[in-house]
Amino acid sequence: MMKFKSNRISAALAAVSMCCFTAGTAMLYSTASKAVCISNDYLKLTVQDDEQKSAYGSFMLSKNSENQTDTLTYPQFYTSFAEVNINGSVKLYSEGKTVRQPYTDSEGAIVMVQDFDGIEITQRLSFATGNTSNYDMLQAAYTVKNNTSADIKLSVRTIIDPTISDSDNDPIMADGTVFTQEKNFYGNDVPEEWFVKNSAGEITAYGITSDGSAAPDSFDIADWSNLYNARFDYSAGDAISDNAAAVTWCDRTVKSGENFSCGTKYGLYSEKSDKTKNNSPKTGDKLPIAFLGAGICSLTAAVLCRKRRSDNDE
């Protein structure tokens with residue numbers, strides 16, 4: 001499936017910037033916008049909140065910058081998202097039944113809950129620390145609760161679509177190797193970190209495969225279209241023209257009444273480990289006011305929610 005690229009940065013991020021404030025202001029929520037936006041001193045996060053779209057729950061990440069091209073993921077929904085495999089049934093996270101619509105918890109994270117025939121999965125997207133004490137990374141965390149009477153076999157995958165400053169083909173590096181061909185890592189070979197390099201060879205963003213909960217079972221460096229279309233059937237083999245990364249927890253048994261938690265991180269990279277600066281990740285969680293600019297939020301929805309799939313998928 002081709003990405004919509006025409007004028008995508010200027011239009012999409014102009015709208016996003018209108019609907020996100022910096023740290024210390026209120027979380028913005030509008031039913032007209034069909035998107036939830038939070039930000040802090042480093043990052044802006046936008047989450048699709050239209051239950052009628054198959055992109056429901058997908059997200060976009062950018063730097064908190066006046067420069068509209070300071071993206072960290074592709075600035076369109078459908079590109080960075082989660083999918084699950086429950087007893088062989090593969091679904092996008094959006095394809096569950098909504099238990100609770102997106103809300104912000106006490107730490108300012110965007111939380112939503114979906115149900116898959118008694119399997120309740122909570123997605124929590126928040127700002128977190130990485131190789132510095134700054135809250136300059138996105139943490140995508142998932143908690144699976146088995147409310148059925150039977151054990152289940154579960155896989156969870158998070159797909160991230162790195163797009164750094166309007167470039168979606170900067171190579172991904174892992175274990176000291178820069179990959180221009182697709183690569184699968186399994187088990188003990190899964191790297192702890194992966195990096196995105198620009199044309200000058202500088203690291204501009206990076207990921208941490210585990211957020212400290214469950215270690216992932218596989219990590220894929222891939223062409224985005226292959227990951228998107230193949231879902232859990234993906235296997236490496238092609239050259240990469242549009243990079244993407246997938247972190248997967250495979251075939252985990254979750255017993256009746258038990259929970260399983262996993263998560264990963266992705267965000268800004270700094271060679272300095274600054275342990276003196278520690279800005280709060282909170283984004284006005286104590287001020288859950290609605291955004292007054294409904295017209296602007298409607299514009300955001302029109303720009304950001306363009307179709308990535310055929311009409312049949314919608």
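Position 1 is the first residue of the sequence; numbering continues from there. Below, all heavy atoms of this structure are taken into account, side chains as well, without hydrogens, waters or symmetry copies.
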Tyr56/Tyr93 aromatic ring centres below 6.0 Å: no

Pair Tyr269 + Phe195: ring centers closer than 6.0 Å: yes

Whether Ser256 side chain and Thr148 backbone form a donor-acceptor pair below 3.5 Å: yes

Sidechain-backbone polar pair: Arg157 side chain, Arg231 backbone, donor-acceptor under 3.5 Å: yes

Heavy-atom pair of closest approach, residues Ala244 and Pro162: CA-CD, 3.8 Å

Considering all heavy atoms, the nearest Tyr142-Thr158 contact: CE1-OG1, 3.3 Å

Qualifying residue, where the test is side chain to side chain contact (heavy atoms under 4.5 Å, CB included) with Phe127 and the options are Ile38, Asp41, Asn134, Asp136: Ile38

Residue of the set Tyr206, Phe219, Phe179 for which side chain to side chain contact (heavy atoms under 4.5 Å, CB included) holds with Trp194: Phe219

Heavy atoms of other groups near Glu258 CD, more than 12 under 6.0 Å: yes

Exceeds 12 heavy-atom contacts within 6.0 angstrom, atom CG of Asn87: yes

Residue pair Asp220, Lys183: steps toward the salt bridge (Lys or Arg N to Asp or Glu O under 4.0 Å) verdict: CA-CA 6 Å; Asp220 302 312; Lys183 174 69 174 178; over 6 Å; no

Lys63 vs Lys44 side-chain heavy atoms within contact, under 4.5 Å: no

Heavy-atom side-chain proximity of Phe77 to Met60 below 4.5 angstrom: yes

